[in-house]
Protein chains: 2
Amino acid sequence: METRLEKARKDPESMKARILAAARRIFGEYGFHGATTRMIAQDVGIDISTLHYHWGEKKDLYESVILDINKDLGQSLIDVENMIHGRPLAERMAIAIDVMTDYLFAHPEVSNLILLRYFGKTRHESGLDFKVPEFTSDIARSMGLAKDTKLVSPLAMMEVLTVMNAIHNFISGENFFRPMTGLERGDYIRTAKETLKFILIPAFVQRDRMHAQD
Amino acid sequence: METRLEKARKDPESMKARILAAARRIFGEYGFHGATTRMIAQDVGIDISTLHYHWGEKKDLYESVILDINKDLGQSLIDVENMIHGRPLAERMAIAIDVMTDYLFAHPEVSNLILLRYFGKTRHESGLDFKVPEFTSDIARSMGLAKDTKLVSPLAMMEVLTVMNAIHNFISGENFFRPMTGLERGDYIRTAKETLKFILIPAFVQRDRMHAQD
DNA sequence: CGCCTCCCCCATCATATGATGGAATCATCG
DNA sequence: CGATGATTCCATCATATGATGGGGGAGGCG
(Lines give C-alpha, C1' and ligand atoms only; values in the text may rest on other atoms or scores of the structure.)
Protein backbone atom coordinates (compact mmCIF):
# COMPACT_ATOMS: atom_id res chain seq x y z
CA MET A 1 0.00 0.00 0.00
CA GLU A 2 1.24 3.42 -0.89
CA THR A 3 1.68 5.69 2.08
CA ARG A 4 0.79 9.35 2.12
CA LEU A 5 4.48 10.11 2.24
CA GLU A 6 5.28 8.11 -0.88
CA LYS A 7 2.43 9.76 -2.72
CA ALA A 8 3.64 13.19 -1.74
CA ARG A 9 7.19 12.51 -2.86
CA LYS A 10 6.01 11.48 -6.32
CA ASP A 11 4.33 14.73 -7.27
CA PRO A 12 6.09 17.74 -5.77
CA GLU A 13 3.31 20.04 -6.97
CA SER A 14 0.59 18.22 -5.09
CA MET A 15 -0.91 19.83 -2.04
CA LYS A 16 0.40 16.97 0.09
CA ALA A 17 3.92 17.62 -1.11
CA ARG A 18 3.66 21.38 -0.70
CA ILE A 19 2.48 20.98 2.88
CA LEU A 20 5.25 18.50 3.57
CA ALA A 21 7.85 20.89 2.20
CA ALA A 22 6.56 23.74 4.32
CA ALA A 23 6.41 21.49 7.36
CA ARG A 24 10.06 20.54 6.85
CA ARG A 25 11.02 24.18 6.88
CA ILE A 26 8.87 25.31 9.79
CA PHE A 27 9.54 22.30 12.01
CA GLY A 28 13.21 22.68 11.15
CA GLU A 29 13.29 26.31 12.20
CA TYR A 30 11.14 26.22 15.30
CA GLY A 31 11.18 22.62 16.45
CA PHE A 32 8.12 20.52 17.14
CA HIS A 33 6.63 22.65 19.91
CA GLY A 34 7.75 25.96 18.46
CA ALA A 35 6.04 25.26 15.16
CA THR A 36 2.26 25.56 14.92
CA THR A 37 0.00 24.00 12.34
CA ARG A 38 -1.23 27.50 11.61
CA MET A 39 2.28 28.64 10.73
CA ILE A 40 2.70 25.75 8.33
CA ALA A 41 -0.71 26.26 6.75
CA GLN A 42 -0.08 29.96 6.35
CA ASP A 43 3.28 29.24 4.76
CA VAL A 44 1.53 27.14 2.14
CA GLY A 45 -1.31 29.63 1.89
CA ILE A 46 -4.08 27.25 2.93
CA ASP A 47 -6.45 26.69 5.82
CA ILE A 48 -5.39 24.49 8.73
CA SER A 49 -8.28 22.14 8.10
CA THR A 50 -6.79 21.40 4.68
CA LEU A 51 -3.56 20.52 6.37
CA HIS A 52 -5.36 18.16 8.72
CA TYR A 53 -7.25 16.68 5.82
CA HIS A 54 -4.00 15.60 4.16
CA TRP A 55 -1.74 14.70 7.06
CA GLY A 56 -3.88 14.08 10.11
CA GLU A 57 -2.69 15.34 13.43
CA LYS A 58 0.39 17.42 14.02
CA LYS A 59 2.47 14.57 15.34
CA ASP A 60 1.73 12.48 12.27
CA LEU A 61 2.85 15.28 10.01
CA TYR A 62 6.01 15.70 12.04
CA GLU A 63 6.81 12.02 11.82
CA SER A 64 6.26 12.10 8.09
CA VAL A 65 8.73 14.94 7.93
CA ILE A 66 11.27 12.88 9.85
CA LEU A 67 10.82 9.93 7.52
CA ASP A 68 11.17 12.23 4.54
CA ILE A 69 14.39 13.71 5.89
CA ASN A 70 15.71 10.24 6.57
CA LYS A 71 15.15 9.18 2.98
CA ASP A 72 16.85 12.24 1.58
CA LEU A 73 19.81 12.02 3.89
CA GLY A 74 20.25 8.31 3.28
CA GLN A 75 20.26 8.88 -0.47
CA SER A 76 22.84 11.64 -0.15
CA LEU A 77 25.09 9.41 1.86
CA ILE A 78 24.84 6.72 -0.80
CA ASP A 79 25.69 9.27 -3.47
CA VAL A 80 28.74 10.41 -1.55
CA GLU A 81 29.83 6.84 -0.91
CA ASN A 82 29.77 6.10 -4.62
CA MET A 83 31.66 9.28 -5.35
CA ILE A 84 34.57 8.60 -3.01
CA HIS A 85 34.86 4.85 -3.39
CA GLY A 86 38.42 3.61 -3.80
CA ARG A 87 40.24 6.87 -3.16
CA PRO A 88 42.76 7.47 -0.37
CA LEU A 89 41.40 8.47 3.02
CA ALA A 90 42.32 12.16 3.03
CA GLU A 91 40.75 12.62 -0.37
CA ARG A 92 37.66 10.63 0.60
CA MET A 93 37.09 12.81 3.62
CA ALA A 94 37.71 16.06 1.78
CA ILE A 95 35.23 15.17 -0.95
CA ALA A 96 32.69 13.88 1.53
CA ILE A 97 32.89 17.09 3.54
CA ASP A 98 32.58 19.26 0.44
CA VAL A 99 29.65 17.37 -1.01
CA MET A 100 27.72 16.86 2.20
CA THR A 101 28.23 20.47 3.19
CA ASP A 102 26.91 21.68 -0.14
CA TYR A 103 23.94 19.36 0.08
CA LEU A 104 23.07 20.38 3.62
CA PHE A 105 23.48 24.09 2.98
CA ALA A 106 20.99 23.64 0.16
CA HIS A 107 18.62 21.81 2.53
CA PRO A 108 19.35 23.29 5.94
CA GLU A 109 16.15 21.94 7.45
CA VAL A 110 17.74 18.50 7.31
CA SER A 111 20.51 19.53 9.65
CA ASN A 112 18.10 21.56 11.75
CA LEU A 113 15.71 18.70 12.30
CA ILE A 114 18.45 16.23 13.07
CA LEU A 115 20.13 18.46 15.62
CA LEU A 116 16.91 19.56 17.28
CA ARG A 117 16.03 15.92 17.66
CA TYR A 118 19.38 15.08 19.17
CA PHE A 119 19.35 17.89 21.66
CA GLY A 120 15.75 18.66 22.53
CA LYS A 121 13.12 16.49 24.09
CA THR A 122 9.52 16.59 23.03
CA ARG A 123 6.74 16.34 25.59
CA HIS A 124 5.26 13.17 24.13
CA GLU A 125 7.59 10.37 23.16
CA SER A 126 7.67 9.87 19.44
CA GLY A 127 8.52 6.18 19.25
CA LEU A 128 9.91 6.99 15.82
CA ASP A 129 13.64 7.17 15.43
CA PHE A 130 16.13 8.51 13.02
CA LYS A 131 18.17 5.97 11.21
CA VAL A 132 21.20 7.52 12.81
CA PRO A 133 22.67 4.24 14.03
CA GLU A 134 22.55 2.68 10.56
CA PHE A 135 23.86 5.81 8.87
CA THR A 136 26.61 6.11 11.43
CA SER A 137 27.66 2.53 10.92
CA ASP A 138 27.72 2.97 7.15
CA ILE A 139 29.91 6.01 7.42
CA ALA A 140 32.19 4.24 9.87
CA ARG A 141 32.76 1.46 7.36
CA SER A 142 33.22 3.96 4.57
CA MET A 143 35.87 5.74 6.61
CA GLY A 144 37.66 2.48 7.28
CA LEU A 145 36.85 2.58 10.99
CA ALA A 146 35.12 -0.79 10.89
CA LYS A 147 35.22 -3.87 8.69
CA ASP A 148 31.56 -4.67 9.08
CA THR A 149 28.60 -2.39 9.72
CA LYS A 150 27.44 -4.91 12.31
CA LEU A 151 30.64 -4.56 14.30
CA VAL A 152 31.22 -0.88 14.82
CA SER A 153 32.93 -0.04 18.09
CA PRO A 154 31.51 2.70 20.33
CA LEU A 155 34.70 4.66 19.75
CA ALA A 156 34.26 4.50 15.98
CA MET A 157 30.62 5.56 16.26
CA MET A 158 31.53 8.55 18.34
CA GLU A 159 34.26 9.54 15.91
CA VAL A 160 31.75 9.47 13.10
CA LEU A 161 29.23 11.43 15.15
CA THR A 162 31.85 14.09 15.83
CA VAL A 163 32.49 14.50 12.13
CA MET A 164 28.84 14.53 11.06
CA ASN A 165 27.79 16.85 13.86
CA ALA A 166 30.58 19.28 13.11
CA ILE A 167 29.11 19.65 9.64
CA HIS A 168 25.51 19.94 10.82
CA ASN A 169 26.51 22.57 13.35
CA PHE A 170 27.72 25.02 10.76
CA ILE A 171 24.64 24.62 8.61
CA SER A 172 22.15 24.75 11.40
CA GLY A 173 23.96 27.45 13.32
CA GLU A 174 24.36 29.76 10.35
CA ASN A 175 21.83 32.24 11.68
CA PHE A 176 23.83 32.55 14.85
CA PHE A 177 27.42 32.10 13.67
CA ARG A 178 27.47 34.01 10.42
CA PRO A 179 26.56 37.37 12.00
CA MET A 180 29.38 36.73 14.49
CA THR A 181 31.88 36.43 11.69
CA GLY A 182 30.46 39.17 9.50
CA LEU A 183 30.86 36.95 6.45
CA GLU A 184 28.62 36.87 3.39
CA ARG A 185 26.81 33.60 2.88
CA GLY A 186 29.16 32.34 0.18
CA ASP A 187 32.24 33.15 2.24
CA TYR A 188 30.66 31.58 5.28
CA ILE A 189 30.12 28.33 3.42
CA ARG A 190 33.65 28.35 2.01
CA THR A 191 35.16 29.07 5.40
CA ALA A 192 33.03 26.37 7.01
CA LYS A 193 34.32 23.79 4.54
CA GLU A 194 37.88 24.96 4.98
CA THR A 195 37.60 24.80 8.76
CA LEU A 196 35.98 21.38 8.74
CA LYS A 197 38.64 19.92 6.46
CA PHE A 198 41.43 21.56 8.43
CA ILE A 199 40.25 20.18 11.77
CA LEU A 200 38.64 16.86 10.94
CA ILE A 201 41.01 15.23 8.47
CA PRO A 202 44.52 15.26 10.03
CA ALA A 203 43.73 13.04 13.01
CA PHE A 204 42.32 10.25 10.87
CA VAL A 205 45.06 10.51 8.27
CA GLN A 206 47.74 10.40 10.94
CA ARG A 207 46.29 7.27 12.50
CA ASP A 208 45.83 5.72 9.09
CA ARG A 209 49.52 6.21 8.32
CA MET A 210 50.54 4.68 11.63
CA HIS A 211 48.42 1.60 10.98
CA ALA A 212 49.87 1.31 7.49
CA GLN A 213 53.35 1.06 9.00
CA ASP A 214 52.47 -2.07 10.95
CA MET B 1 20.36 47.85 42.35
CA GLU B 2 20.39 44.16 42.95
CA THR B 3 18.61 42.16 40.30
CA ARG B 4 16.41 39.18 40.97
CA LEU B 5 19.06 37.01 39.37
CA GLU B 6 21.83 38.25 41.65
CA LYS B 7 19.63 37.71 44.67
CA ALA B 8 18.82 34.18 43.61
CA ARG B 9 22.46 33.29 43.03
CA LYS B 10 23.38 34.40 46.54
CA ASP B 11 21.11 31.99 48.40
CA PRO B 12 20.70 28.69 46.58
CA GLU B 13 18.04 27.58 49.05
CA SER B 14 15.74 30.49 48.36
CA MET B 15 12.59 29.89 46.40
CA LYS B 16 13.90 32.18 43.66
CA ALA B 17 17.01 30.06 43.31
CA ARG B 18 15.14 26.78 43.39
CA ILE B 19 12.83 27.97 40.63
CA LEU B 20 15.79 29.19 38.59
CA ALA B 21 17.54 25.85 38.95
CA ALA B 22 14.44 23.96 37.84
CA ALA B 23 13.95 26.36 34.96
CA ARG B 24 17.50 25.74 33.78
CA ARG B 25 16.82 22.04 33.69
CA ILE B 26 13.39 22.13 32.08
CA PHE B 27 14.18 24.82 29.51
CA GLY B 28 17.39 22.93 28.77
CA GLU B 29 15.57 19.69 28.13
CA TYR B 30 12.55 20.92 26.24
CA GLY B 31 13.54 24.31 24.85
CA PHE B 32 11.57 27.50 25.32
CA HIS B 33 8.33 26.42 23.67
CA GLY B 34 8.55 22.81 24.80
CA ALA B 35 8.83 23.82 28.43
CA THR B 36 5.75 25.03 30.26
CA THR B 37 5.61 27.11 33.39
CA ARG B 38 3.53 24.34 34.93
CA MET B 39 6.30 21.81 34.33
CA ILE B 40 8.81 24.06 36.04
CA ALA B 41 6.49 24.79 38.96
CA GLN B 42 5.70 21.12 39.38
CA ASP B 43 9.40 20.29 39.35
CA VAL B 44 9.92 22.65 42.27
CA GLY B 45 6.71 21.51 43.91
CA ILE B 46 4.99 24.88 43.93
CA ASP B 47 2.06 26.61 42.26
CA ILE B 48 2.56 28.47 38.99
CA SER B 49 1.42 31.69 40.57
CA THR B 50 4.36 31.45 42.96
CA LEU B 51 6.63 31.12 39.97
CA HIS B 52 5.12 34.22 38.41
CA TYR B 53 5.41 36.03 41.71
CA HIS B 54 9.18 35.57 41.72
CA TRP B 55 10.13 35.78 38.07
CA GLY B 56 7.35 37.49 36.17
CA GLU B 57 6.40 36.20 32.78
CA LYS B 58 7.83 33.10 31.14
CA LYS B 59 10.09 35.02 28.79
CA ASP B 60 11.64 36.93 31.70
CA LEU B 61 12.39 33.71 33.53
CA TYR B 62 13.92 32.27 30.39
CA GLU B 63 16.15 35.29 29.91
CA SER B 64 17.25 35.06 33.51
CA VAL B 65 18.19 31.47 32.87
CA ILE B 66 20.26 32.53 29.88
CA LEU B 67 22.06 35.19 31.90
CA ASP B 68 22.69 32.66 34.64
CA ILE B 69 24.14 30.15 32.20
CA ASN B 70 26.32 32.85 30.71
CA LYS B 71 27.82 33.71 34.07
CA ASP B 72 28.56 30.10 34.90
CA LEU B 73 30.07 29.35 31.53
CA GLY B 74 32.17 32.50 31.56
CA GLN B 75 33.55 31.62 34.98
CA SER B 76 34.40 28.10 33.86
CA LEU B 77 36.27 29.42 30.87
CA ILE B 78 38.27 31.73 33.12
CA ASP B 79 39.07 28.82 35.42
CA VAL B 80 40.26 26.74 32.50
CA GLU B 81 42.30 29.60 31.12
CA ASN B 82 44.14 29.97 34.43
CA MET B 83 44.71 26.25 34.59
CA ILE B 84 46.34 25.91 31.18
CA HIS B 85 48.25 29.17 31.05
CA GLY B 86 51.83 28.85 29.81
CA ARG B 87 51.72 25.20 28.76
CA PRO B 88 52.37 23.91 25.24
CA LEU B 89 49.42 23.86 22.85
CA ALA B 90 48.69 20.12 22.80
CA GLU B 91 48.67 20.01 26.56
CA ARG B 92 46.53 23.14 26.82
CA MET B 93 43.92 21.68 24.54
CA ALA B 94 43.90 18.29 26.25
CA ILE B 95 43.40 19.84 29.67
CA ALA B 96 40.79 22.28 28.40
CA ILE B 97 38.83 19.45 26.80
CA ASP B 98 39.02 17.32 29.93
CA VAL B 99 38.01 20.08 32.29
CA MET B 100 35.29 21.61 30.15
CA THR B 101 33.84 18.20 29.39
CA ASP B 102 33.69 17.32 33.07
CA TYR B 103 32.11 20.65 33.90
CA LEU B 104 29.51 20.39 31.18
CA PHE B 105 28.61 16.79 31.93
CA ALA B 106 27.95 17.93 35.48
CA HIS B 107 25.76 20.76 34.18
CA PRO B 108 24.32 19.46 30.92
CA GLU B 109 21.64 22.10 30.81
CA VAL B 110 24.37 24.59 29.93
CA SER B 111 25.20 22.76 26.73
CA ASN B 112 21.54 22.07 26.06
CA LEU B 113 20.50 25.68 26.32
CA ILE B 114 23.40 26.90 24.22
CA LEU B 115 22.79 24.44 21.42
CA LEU B 116 19.03 24.88 21.38
CA ARG B 117 19.61 28.59 21.10
CA TYR B 118 22.03 28.16 18.21
CA PHE B 119 19.82 25.86 16.25
CA GLY B 120 16.22 26.66 17.08
CA LYS B 121 14.30 29.84 16.56
CA THR B 122 11.79 31.10 19.06
CA ARG B 123 8.55 32.68 17.90
CA HIS B 124 9.21 36.02 19.56
CA GLU B 125 12.64 37.56 19.19
CA SER B 126 14.49 37.63 22.48
CA GLY B 127 16.73 40.63 21.96
CA LEU B 128 19.00 39.01 24.52
CA ASP B 129 22.13 37.29 23.30
CA PHE B 130 24.61 34.83 24.55
CA LYS B 131 28.05 36.19 25.09
CA VAL B 132 29.22 33.71 22.49
CA PRO B 133 31.22 36.24 20.46
CA GLU B 134 33.21 37.36 23.50
CA PHE B 135 33.74 33.83 24.76
CA THR B 136 34.77 32.71 21.31
CA SER B 137 37.28 35.52 21.00
CA ASP B 138 38.75 34.74 24.40
CA ILE B 139 39.20 31.11 23.52
CA ALA B 140 40.72 32.04 20.17
CA ARG B 141 43.35 34.12 21.91
CA SER B 142 43.90 31.39 24.48
CA MET B 143 44.50 28.90 21.68
CA GLY B 144 46.95 31.21 20.03
CA LEU B 145 44.69 31.79 17.02
CA ALA B 146 44.65 35.56 17.52
CA LYS B 147 46.93 38.12 19.16
CA ASP B 148 44.10 40.34 20.32
CA THR B 149 40.50 39.50 21.21
CA LYS B 150 39.48 42.50 19.13
CA LEU B 151 41.10 41.11 16.01
CA VAL B 152 39.89 37.55 15.64
CA SER B 153 39.56 36.43 12.04
CA PRO B 154 36.37 34.70 10.89
CA LEU B 155 38.43 31.58 10.25
CA ALA B 156 39.72 31.53 13.81
CA MET B 157 36.23 32.05 15.21
CA MET B 158 34.89 29.15 13.24
CA GLU B 159 37.73 26.94 14.35
CA VAL B 160 36.91 27.74 17.94
CA LEU B 161 33.21 27.14 17.35
CA THR B 162 33.99 23.75 15.86
CA VAL B 163 35.90 22.78 18.97
CA MET B 164 33.38 24.11 21.48
CA ASN B 165 30.41 22.68 19.63
CA ALA B 166 32.02 19.27 19.35
CA ILE B 167 32.16 19.19 23.14
CA HIS B 168 28.62 20.48 23.62
CA ASN B 169 27.31 17.94 21.15
CA PHE B 170 28.40 14.95 23.21
CA ILE B 171 26.97 16.36 26.42
CA SER B 172 23.71 17.51 24.96
CA GLY B 173 23.31 14.49 22.71
CA GLU B 174 23.96 11.95 25.43
CA ASN B 175 20.34 10.82 25.56
CA PHE B 176 20.52 10.03 21.87
CA PHE B 177 24.11 8.91 21.39
CA ARG B 178 24.75 6.83 24.46
CA PRO B 179 22.01 4.27 23.75
CA MET B 180 23.49 3.98 20.25
CA THR B 181 26.84 2.98 21.67
CA GLY B 182 25.51 0.85 24.51
CA LEU B 183 28.00 2.43 26.89
CA GLU B 184 27.50 3.12 30.56
CA ARG B 185 27.57 6.78 31.50
CA GLY B 186 31.13 6.72 32.83
CA ASP B 187 32.44 4.96 29.74
CA TYR B 188 30.50 7.30 27.53
CA ILE B 189 32.13 10.31 29.13
CA ARG B 190 35.58 8.75 28.90
CA THR B 191 35.09 7.81 25.27
CA ALA B 192 33.78 11.26 24.48
CA LYS B 193 36.89 12.88 25.92
CA GLU B 194 39.14 10.45 24.10
CA THR B 195 37.37 11.04 20.82
CA LEU B 196 37.43 14.80 21.20
CA LYS B 197 41.12 14.86 21.99
CA PHE B 198 41.92 12.45 19.19
CA ILE B 199 40.09 14.47 16.56
CA LEU B 200 40.46 18.06 17.67
CA ILE B 201 44.08 18.37 18.73
CA PRO B 202 46.27 17.10 15.85
CA ALA B 203 45.25 19.70 13.29
CA PHE B 204 46.14 22.61 15.54
CA VAL B 205 49.36 21.04 16.75
CA GLN B 206 50.45 20.30 13.18
CA ARG B 207 49.86 23.88 12.11
CA ASP B 208 51.56 25.17 15.24
CA ARG B 209 54.69 23.18 14.40
CA MET B 210 54.73 24.48 10.84
CA HIS B 211 54.51 28.07 12.01
CA ALA B 212 57.28 27.43 14.53
CA GLN B 213 59.56 26.38 11.66
CA ASP B 214 59.27 29.78 10.01
C1' DC C 1 -2.49 41.44 70.70
C1' DG C 2 -3.00 44.09 66.24
C1' DC C 3 -0.91 45.33 62.24
C1' DC C 4 2.11 44.87 58.53
C1' DT C 5 4.84 42.66 54.97
C1' DC C 6 6.23 38.90 52.55
C1' DC C 7 5.23 34.65 50.50
C1' DC C 8 2.39 31.08 48.66
C1' DC C 9 -1.82 28.82 46.83
C1' DC C 10 -6.76 28.36 44.97
C1' DA C 11 -9.80 29.79 41.63
C1' DT C 12 -10.29 31.89 37.53
C1' DC C 13 -9.57 34.26 33.21
C1' DA C 14 -7.75 35.07 28.28
C1' DT C 15 -5.55 33.45 24.58
C1' DA C 16 -3.23 30.22 21.53
C1' DT C 17 -3.44 26.10 19.44
C1' DG C 18 -4.87 21.49 17.86
C1' DA C 19 -8.71 19.55 15.97
C1' DT C 20 -13.46 18.72 13.72
C1' DG C 21 -18.10 19.16 11.20
C1' DG C 22 -20.38 20.69 7.54
C1' DA C 23 -21.03 23.68 3.61
C1' DA C 24 -19.11 25.15 -0.72
C1' DT C 25 -16.31 24.32 -4.74
C1' DC C 26 -14.20 21.72 -8.25
C1' DA C 27 -13.13 17.87 -11.16
C1' DT C 28 -14.37 13.50 -13.24
C1' DC C 29 -17.23 10.34 -15.44
C1' DG C 30 -21.47 8.13 -17.02
C1' DC D 1 -26.34 17.67 -17.59
C1' DG D 2 -26.32 15.33 -13.08
C1' DA D 3 -24.20 12.33 -9.79
C1' DT D 4 -20.32 11.28 -7.29
C1' DG D 5 -16.16 11.82 -4.93
C1' DA D 6 -12.27 14.68 -3.74
C1' DT D 7 -10.68 18.89 -2.02
C1' DT D 8 -10.88 23.25 0.32
C1' DC D 9 -12.55 26.68 3.55
C1' DC D 10 -15.47 28.83 7.34
C1' DA D 11 -17.15 28.44 11.83
C1' DT D 12 -16.61 26.33 15.90
C1' DC D 13 -15.11 23.47 19.69
C1' DA D 14 -11.88 21.56 23.47
C1' DT D 15 -7.86 21.81 25.68
C1' DA D 16 -3.39 23.54 27.13
C1' DT D 17 -1.03 27.19 28.67
C1' DG D 18 0.30 31.85 30.27
C1' DA D 19 -1.22 34.98 33.42
C1' DT D 20 -3.82 37.40 37.39
C1' DG D 21 -6.61 38.58 41.69
C1' DG D 22 -7.54 37.81 46.04
C1' DG D 23 -7.34 35.26 50.26
C1' DG D 24 -4.73 33.05 53.89
C1' DG D 25 -0.89 32.20 56.74
C1' DA D 26 3.78 32.78 58.83
C1' DG D 27 6.72 35.84 60.98
C1' DG D 28 8.37 40.41 62.57
C1' DC D 29 7.44 44.52 65.25
C1' DG D 30 4.94 48.26 67.57
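Because the structure is a prediction, the values reported are computed rather than measured. Labels below follow one simple rule: chain letters A, B, ... track the order of the sequence lines, proteins then strands, and each chain is numbered from 1.
- Contact annotation: A:T50 side-chain N/O to D:dT7 OP1/OP2 distance is not under 4.0 Å.
- Residues forming a side-chain hydrogen bond (donor to acceptor under 3.5 Å, both in side chains) with A:T162 (at least two apart in sequence, or on another chain): none.
- Between A:Y53 and the phosphate of D:dT7, there is a side-chain N or O to OP1/OP2 separation shorter than 4.0 Å.
- Sorted by first and then second residue, the side chain to side chain donor-acceptor pair (under 3.5 Å) pairs involving residues 35-44 of chain B (not counting sequence neighbours) are B:R25-B:D43.
- Listed by chain and number, the residues in a side-chain contact (heavy atoms from CB on, under 4.5 Å) with B:T191 are A:L155, A:M158, B:L183, B:T195 (sequence neighbours excluded).
- To the nearest angstrom, P of C:dC10 lies 13 Å from CD of B:Q42.
- Contacts classified as salt bridge (charged side-chain N to carboxylate O under 4.0 Å, His left out) and involving residues 147-167 of chain A (residues at least two apart or in different chains) are given here: A:E159-A:R207.
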Each nucleotide of nucleotides 11-26 of chain C classed B (base within 4.0 Å of a protein heavy atom), S (only sugar-phosphate) or -, in 5' to 3' order, makes ------BBBBB-----
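- Residues satisfying the ring pair (Phe, Tyr, Trp, His ring centres under 6.0 Å) criterion with B:F177, sequence neighbours excluded, are A:Y118.
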